[in-house]
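Input: a single structure, listed below in C-alpha cells.
Every value quoted in this text rests on a predicted model; they were computed, and no experiment measured them.
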Amino acid sequence: MSSKQGGKAKPLKQPKADKKEYDENDLANLEKKRQEEKALKDLRAKAQQKGSFGGAGLKKSGKK
C-alpha cells in the first residue's frame, strides 16, 4: 500500500447554518427567556451564599 494518504481522514466540513430571521414576537420571547434565566442564576447564587436552610432536618427526641 503505497498511498500518500496517511493517518486519519479529515471529516467533511458541515455547511454553515442559515441565519434565522426573527419577528417581534420571537425577539420578545427570547428576551423574556434570557431575563428569566438570569433571574434564576442570581437566585441560585444567593442560595449558595446563605448555605442550607431549614435547620438540622429531622429532629430526634431524647425519649426512648
Heavy-atom count around Glu24 CD within 6.0 Å, excluding the residue itself: above 12? no

d(Lys38 NZ, Gln35 CD) to nearest 0.5 Å is 6.0 Å

By side chain to side chain donor-acceptor pair (under 3.5 Å), Gln14 pairs with (sequence neighbours left out) none

Residues at least two apart in sequence or cross-chain that pass side-chain contact (heavy atoms from CB on, under 4.5 Å) with Asp18, listed by chain then number, are none

- Output yes when Arg34 and Glu31 qualify as a salt bridge under the 4.0 Å nitrogen-oxygen rule, no when they do not. yes

